[in-house]
Amino acid sequence: MTTIRRFCCDDLLRFSSVNLDHLTETFNMSFYMTYLARWPDYFHVAEAPGNRVMGYIMGKVEGQGESWHGHVTAVTVAPEFRRQQLAKKLMNLLEDISDKIDKAYFVDLFVRASNIPAIKMYEKLGYVIYRRVLRYYSGEEDGLDMRKALSRDVEKKSIIPLKRPVTPDELEYD
């Protein structure tokens, strides 16, 4: 049985095996601690029996006005636990918090343009490609900004795709 709960400091010492995937971004410890302190509602871990970390999701809420949104900073599942709808459950949790608690207009995320399995999964979850960000990953690989409108965005304005790619310096950060 899988247990999904809030991420805690002790989990930082137990989740490195999940981050071994070459497509998973790994951050320094202070980065994780900042998310844990500022956006605890957006940081969850999935555990198997025996407290083995299966995966996690880390995100935040940011923006202003109609750009107020939930953001998925990282979602990853260990290879041996994939194809069990775990990423979907973690994504749904973050979406529900963004929608029902923080009243966000949309949820967004960035994904490597080459990560076709992840792109297909996000599309199945209702995300659309909003824009391409040139050289987003380490100044080399393009990223895709994918979005999913939430209930507050009745007219779905937040997911109307941009017609041209952007560069990282054109992104809005809060």
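- A continuous path of hydrophobic side-chain contacts links Leu125 to Leu90 [ILVMFWY only; heavy atoms under 4.5 Å].
- Atom NZ of Lys148 is separated from atom CG of Asp108 by 13.5 Å, given to the nearest 0.5 angstrom.
- Atom CG of Asp96 and atom CG of Leu93 lie 7.0 Å apart (nearest 0.5 Å).
- Taking CZ of Arg82 as the reference point, atom CD of Gln84 lies at 11.5 Å (rounded to 0.5 Å).
- Ring-plane geometry between Tyr56 and Phe15 is classed as perpendicular, the angle between the planes exceeding 60 degrees on a 0 to 90 degree scale with a lower cut at 30.
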Task: Derivation of the side-chain contact (heavy atoms from CB on, under 4.5 Å) call for Glu95 and Asn92 - done: CA-CA 5 Å; Glu95 291 164 10; Asn92 287 342; 3.5 Å; yes
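- Listed by chain and residue number, Asp11, Glu47 satisfy the salt bridge (charged side-chain N to carboxylate O under 4.0 Å, His left out) test with Arg5 (two or more places apart in sequence, or in another chain).
- Side-chain contact between Tyr130 and Ser158 is absent, with no heavy atoms from C-beta onward closer than 4.5 Å.
- Atom NZ of Lys156 is surrounded by more than 12 heavy atoms from other residues, nucleotides or ligands within 6.0 Å.
- Contact annotation: the side chain of Glu155 never approaches that of Glu66 to less than 4.5 Å [non-hydrogen atoms, C-beta and beyond].
- For the pair Cys9/Leu36, a side-chain contact is recorded, criterion being any heavy-atom separation below 4.5 Å from C-beta on.
- The neighbour count for Glu170 CD, taken as heavy atoms of other residues, nucleotides or ligands under 6.0 Å away, is above 12.
- Val45 approaches Phe7 most closely through the heavy-atom pair CB-CD1, 3.8 Å.
- For the atom pair CG (Asp145) and CG (Leu171), the distance works out to 7.0 Å, reported to the nearest 0.5 Å.
- For the pair Asp153/Leu150, no side-chain contact is recorded, criterion being any heavy-atom separation below 4.5 Å from C-beta on.
- When side chains are defined from C-beta on, Met91 counts as touching Tyr122, because their heavy atoms get closer than 4.5 Å.
- Note that CG of Asn115 is 9.5 Å distant from CG of Leu144, once rounded to the nearest 0.5 Å.
- Applying the ring pair (Phe, Tyr, Trp, His ring centres under 6.0 Å) test to His44 and every residue at least two apart in sequence or in another chain returns nothing.
- No side-chain N or O of Gln64 forms a donor-acceptor pair with one of Ser67 less than 3.5 Å apart.
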TODO: Output, in order, the C-alpha distance, side-chain angles, deciding distance and verdict of side-chain contact (heavy atoms from CB on, under 4.5 Å) for Glu123 and Met146.
DONE: CA-CA 9 Å; Glu123 288 175 337; Met146 298 186 75; 3.8 Å; yes
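- No path of Ile, Leu, Val, Met, Phe, Trp and Tyr side chains, each step under 4.5 Å between heavy atoms, connects Ile160 with Leu162, placing them in separate hydrophobic clusters.
- Under the 4.5 Å side-chain criterion, counting only non-hydrogen atoms from C-beta, Tyr105 is not in contact with His69.
- Using a 4.5 Å heavy-atom threshold, the side chains of Phe110 and His71 count as touching.
- For the salt bridge (Lys or Arg N to Asp or Glu O under 4.0 Å) with Asp142, the qualifying choice from Arg135, Arg131, Arg112, Arg132 is Arg132, the only one to do so.
- Between Val111 and Tyr127 there is no side-chain heavy-atom pair separated by less than 4.5 Å.
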For a quick test of your reading: what N or O donor-acceptor pairs under 3.5 Å do the side chains of residues 27-35 make, sequence neighbours left out?
residue: Asn28; atom: OD1; partner: Ser30; partner atom: N; Å: 3.3
residue: Asn28; atom: OD1; partner: Ser30; partner atom: OG; Å: 2.8
residue: Asn28; atom: OD1; partner: Phe31; partner atom: N; Å: 2.9
residue: Tyr32; atom: OH; partner: Asn19; partner atom: ND2; Å: 3.3
residue: Tyr32; atom: OH; partner: Phe27; partner atom: N; Å: 3.2
residue: Thr34; atom: OG1; partner: Ser30; partner atom: O; Å: 2.9
residue: Tyr35; atom: OH; partner: Thr73; partner atom: OG1; Å: 2.9

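- For the pair Glu141 (side chain) and Ser114 (backbone), a donor-acceptor distance under 3.5 Å is present.
- Listed for the Arg14 side chain is a donor-acceptor partner under 3.5 Å among the backbone atoms of Asn51.
- Rounded to the nearest 0.5 Å, atoms OG1 (Thr2) and CE (Met54) are 3.5 Å apart.
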